[in-house]
Every structure is written in structure tokens, then in C-alpha cells.
Amino acid sequence: MNIGVDATALGMSNAVVSSTNDVNSVYWNPAGLIHLEDSQIALMHASYFANIAQYDYAAYAKPIDDRSAWGISLIRFGVDDILNTTELIDASGNIDYNRISLFSTADYALTLSYGRKLKVPGFQYGVNAKVIRRVIGDFANSWGVGFDLGFQFERNDWHYGLMLRDITTTYNIWSINEEEYEKIKNAIPGENTELPESTEITAPKAQLGMSKKYEFHYDYTLLAAANLNMQFAKTNDIISTDFVSINPALGFEFGYIDLVFLRAGVGNFQTITQIDNSTKLGFQPNIGLGFKYKGIQVDYALTDLGDQSAALYSNIFSVKVDLSIFR
């Protein structure tokens, strides 16, 4: 749930909390759903870690009336066809490759979203209700529930946004298959001697953003946006205290006649400790492009360009369709 969705946003290093205004607001800030004029759908696919992990997303949103809108989305991040070697050695101590089986591990998030304008001009809010499902083959699975709260405010062409994720703290309750667990218990002396914890907690986080779109000669636009991504714990973010850690992000989108878009962003600023205990600044630059025609928008993003951070670069594709084109 921390990776993000939509190649448009990822190409801008996720600095879209204040500017999001379409179906993808179900993830970035549900307050942005009130800008919808008709129903929209969105799809995204990305591969991570040399195609080992697959990341997929689908969303649908539509207006309810001129003051409110709703949406639904589903995210899956999974690694499939993992070799299960827990029974590789038979009871006689012989290696039998026929005893190898395959399993998958996957995380799912189903989100229901609602956005509404308030009577204060330019002010809107939105809420998310999330159901989290995590599966590790036949070994273990969990269920969790969480809530997000988002706000947007617009004045003098400036846009401001605040997204509060997991505001009530999201709890996942695990169910562990003890029969499968017994197969690996103490297989390495001193390891896996006790069942893992059955409760997993996701602490609240916050994102504060601002943005402005500039128009040049009616044909050209430039959207400039910035985010402050906050965790309420001490991390290796560039700004880190015992109370809160802050990771800034900057994003830009250059558009031509609302048809072609070029994007760039930089984020994930981290203080990295080297093997000799010296430190350096790590960051993640992203780029992207998009094409929009008659309500259909296709976008591409290349994230972590130059491998400045620890992750490998990823190619991300997404599609957004305004369903009014079929009417």
C-alpha cells in the first residue's frame, strides 16, 4: 500500500496528493473524486525485482451528484511459483526433487472510497475503507481493516492536500497453518521454535502536498507539485526526529494541448550509512510520459532512474478511460 498507483503519479514521484482529480484519487486522496464529471476506470501493471513480483491495480469511480462521488479499487502485489522445498528430503534422508511443489504469496487491498464537497468554497474531503488480505501459500493468511481520511483545498489557483493513511491504525490478524509450520519447526537448530506473532500493525502516516498548474499560450501547461511524506517514527528519512520523519518529493508534468505529457520527479530522500559508517544522501528520480485522446489516456513511468536508491528500476504502464466516450 506504500508503493502507489498510476503511472502518471509514479512518474511525478507520487507528489500528487493535492492535484489528484480522477479515478486514481481512490488511492491518492479520495477528496479528489469530486472533480469527476463521469464514470472512469483505471488499470495498471508493473513488474518488480527483475519480474519476480507482479503489481496490479484496477479502479472504478463515478459521481453521485454535483457534490459527491464514490469509487472502488483492488490492488494485488504477489510473487508466484515459489519453490516449496520443505519436503525435499524424505524420511530416509534422500533428496527427492519430485517432492518440490509451488506456492504463491500475495497481498490484496480492496478499497471503498467516498468524496464530498463542503459548503466552504474550494474545500472537499474524502474517506477510504480498506480490507487487507495477505496470503502465503498454505502456510498462513491474514485479514485486516483500515481507514484513510483526505482533504483538499483550492484558492487562487493553488491546490493543497492532506492525506491521513491508516488513521485508526490498521490491524492484520494472521492465521497460521500449524501442520505446515511443524514441517519446518527447528529444522535449523534454534530457528522457528515458536509460532510467529499473529497480529501485524500498520501505524498511521500523513502526506501533505501543494501544487499549481501554469498555462502558456493556451497550448502548454506545467503542473508543479510537492509532497511532504510523514511517518510518526524515527527512520532514515532525510528529516528524522523521534516524533516524525519527513521525506519530501517533487513532481512536474509538462502538457501540450491536453494530448501529450512529459513527467519527472524526485523523492525517497534517505540518509544511507556506508560500510565504513560514513553517510550519503540517496534519492529516487523518476520520469514518465503520457498520451490522451478522446477520453482514453495511456501512461508510462520509469521509476528509480539511475539506481540512486536500493531498489531496482521498474517499468510501469497504466490506462485510464472516461466511460462517457461510449455514450
Would the distance check show the side chain of [X] and the main-chain N or O of [Y] forming a donor-acceptor pair, the cut-off being under 3.5 Å?
X	Y	answer
Q152	V17	yes
R116	G126	no
T273	S278	no
T105	V79	no
S245	D237	no
N156	W158	no
N227	A249	no
D22	N24	yes
S13	V266	yes
D96	N98	yes

Under 4.5 Å between side-chain heavy atoms, hopping through other hydrophobics if needed: is there a path connecting [X] to [Y]?
X	Y	result
L83	L88	yes
L110	I173	no
L250	M163	no
I100	I82	no
I3	Y108	no

Which atom pair, heavy atoms only, marks the closest approach of [X] to [Y]?
X	Y	answer
R134	D107	NE-OD1, 2.9 Å
A58	L43	CB-CD2, 3.6 Å
A301	G11	CB-N, 3.7 Å
G290	D299	CA-OD1, 3.2 Å
I316	T303	CD1-CG2, 3.5 Å
A69	P63	CB-CA, 3.8 Å

With respect to R263, which candidate in I287, T8, L289 satisfies the side-chain contact (heavy atoms from CB on, under 4.5 Å) definition?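 Single pass found, and it is T8.
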Against V26, only a single residue in L33, D148, T20 fulfils side-chain contact (heavy atoms from CB on, under 4.5 Å); can you say which?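 Testing each of L33, D148, T20 against V26, the sole residue satisfying side-chain contact (heavy atoms from CB on, under 4.5 Å) is L33.
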[Y] versus [X], side-chain donor and acceptor atoms under 3.5 Å:
X	Y	value
Q270	Q284	no
Q40	D38	no
N172	S142	yes
S175	N141	no
T271	T279	no
Q54	S47	yes

Here's a test for you: under ring pair (Phe, Tyr, Trp, His ring centres under 6.0 Å), which of F216, Y220, F261, F291 qualifies with Y256?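 The ring pair (Phe, Tyr, Trp, His ring centres under 6.0 Å) with Y256 is passed solely by Y220 among F216, Y220, F261, F291.
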Can you confirm whether [X] sits close enough to [Y] that some side-chain heavy atom of one is under 4.5 Å from a side-chain heavy atom of the other?
X	Y	result
F252	M12	no
N268	N247	yes
Y55	V5	yes
K292	K320	no
F147	V145	yes
P204	I167	no
W174	E197	no
F103	I136	yes

What's the separation between atom [atom1] in [X] and atom [atom2] in [Y], rounded to the nearest 0.5 Å?
X	Y	atom1	atom2	value
R67	K119	CZ	NZ	7.5 Å
D6	W28	CG	CH2	8.0 Å
K117	Q124	NZ	CD	7.5 Å
K212	Y160	NZ	OH	9.0 Å
N84	S104	CG	OG	11.5 Å
L302	N286	CG	CG	7.5 Å

Is there a side-chain contact (heavy atoms from CB on, under 4.5 Å) between F326 and V321 once you walk through the steps? CA-CA 10 Å; F326 298 109; V321 180; 3.9 Å; yes
Run the side-chain contact (heavy atoms from CB on, under 4.5 Å) check on Y171 and E200 step by step: do they pass? CA-CA 6 Å; Y171 291 87; E200 184 179 23; over 6 Å; no
Applying side-chain contact (heavy atoms from CB on, under 4.5 Å) to Y114 and L112, what does each step give before you reach the verdict? CA-CA 7 Å; Y114 175 78; L112 296 175; over 6 Å; no
Is the shortest distance from a Lys or Arg side-chain nitrogen in K130 or D166 to a carboxylate oxygen in the other one below 4.0 Å?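 A salt bridge is present here (some side-chain N lies under 4.0 Å from a carboxylate O).
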Check: [X] ring centroid to [Y] ring centroid under 6.0 Å:
X	Y	answer
Y125	F151	no
Y57	Y27	no
Y60	W70	yes

Is it the case that more than 12 heavy atoms not belonging to K62 sit under 6.0 Å from its NZ atom?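 Counting neighbours around NZ of K62, 12 or fewer heavy atoms of other residues, nucleotides or ligands fall under 6.0 Å, so no.
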For I41 and L323: C-alpha separation, side-chain torsions, deciding distance, then whether side-chain contact (heavy atoms from CB on, under 4.5 Å) applies. CA-CA 7 Å; I41 61 172; L323 298 182; 4.1 Å; yes
